[in-house]
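We use all heavy atoms of the structure for the numbers below, so side chains are in, but hydrogens, waters and symmetry mates are not. What you see is a predicted model, and the numbers here were worked out from it, not measured in a lab.
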Amino acid sequence: MTEFVPIPLPCPSSRTLRGVRAGYVRQSSCPSDFAFVTFDFAPTTGWGDDSLWVELDPEVRIVGDALPVAYLTAFVAGIEEEWALRYPDERLVGALTITEVRLHVVDSHKGSFRMAGRKAVDAMLARLRSDPVGPADLTDGEATVG
């Protein structure tokens, strides 16, 4: 089992992450996996709630087929699973706004979105590591995936 070394998280009220991209692609034979999600994350510590709020941006961009709600549920479950593995004594509290979803009619499924959710934790932590004391808003810009 891989052991993760948690990084100390910066003051949550000052760390909105914008344009975080997470994906999971495994191309082999059928079935394959394909899921990409771009999202913003704003920690909400101090709002009086200890939940992870999830919403679709009103102008969400969906590329591919129609987006089943089960895929988004699996994405969030993947985030919560990975976070609990790395930070078992800390709840992930915040507002996650999904701004873009890319899926494939054949290769996208709940499992691929769950794995993309697990990768989303890596993406958020990498962003925090890359600029741990930088500006409150970090933006990568528009996601462009094949």
side-chain contact (heavy atoms from CB on, under 4.5 Å) for V121 and R86? Distances and angles first, verdict last. CA-CA 9 Å; V121 173; R86 292 176 185 232; 4.0 Å; yes
Going by an N to O cut-off under 4.0 Å, is there a salt bridge joining E59 and R61? no
Hydrophobic clusters here meaning ILVMFWY residues chained together by side-chain heavy-atom distances under 4.5 Å, can you tell me if L103 and L56 are in one? yes
Give a yes or no answer on whether the side chain of T38 reaches the backbone of T99 with a donor-acceptor pair at less than 3.5 Å. no
Could you measure the distance from the CZ atom of F34 to the CZ atom of F113? Nearest 0.5 Å is fine. 8.0 Å
Rounding to 0.5 Å, atoms CZ (R18) and CZ (F39) come to a distance of 13.0 Å
Distance check, rounded to the nearest 0.5 Å: Y71 atom OH versus H109 atom NE2? 7.5 Å
Would you tabulate the side-chain donor-acceptor contacts of residues 72-81 under 3.5 Å, counting partners in other chains and residues two or more places apart, or write 'none'?
{"unit_1": "T73", "atom_1": "OG1", "unit_2": "V69", "atom_2": "O", "d": "3.2"}
{"unit_1": "E81", "atom_1": "OE1", "unit_2": "R114", "atom_2": "NH1", "d": "3.0"}
{"unit_1": "E81", "atom_1": "OE1", "unit_2": "R118", "atom_2": "NH1", "d": "3.4"}

Separation between CZ of R91 and OG of S51, rounded to the nearest 0.5 Å: 6.0 Å
Over all heavy atoms of both residues, which pair between M124 and L92 is shortest? Give the atoms and the distance, please. CE-CD2, 4.3 Å
For the atom pair CG (D57) and CG (D40), what is the distance rounded to the nearest 0.5 Å? 7.5 Å
Provide the full list of salt bridge (charged side-chain N to carboxylate O under 4.0 Å, His left out) pairs with a residue in residues 24-39, sequence neighbours left out, each pair given once. R26-D33
Can you name the residues that form a side chain to side chain donor-acceptor pair (under 3.5 Å) with T97, not counting sequence neighbours? E55
Please examine the side chains of E100 and F36, heavy atoms only from C-beta on, and report whether any two atoms are closer than 4.5 Å. no
Members other than Y24 in its cluster, when Ile, Leu, Val, Met, Phe, Trp, Tyr link by side-chain heavy atoms under 4.5 Å? M115
Is there a path of hydrophobic side-chain contacts, each under 4.5 Å between heavy atoms of I, L, V, M, F, W or Y residues, that connects I62 with L96? yes
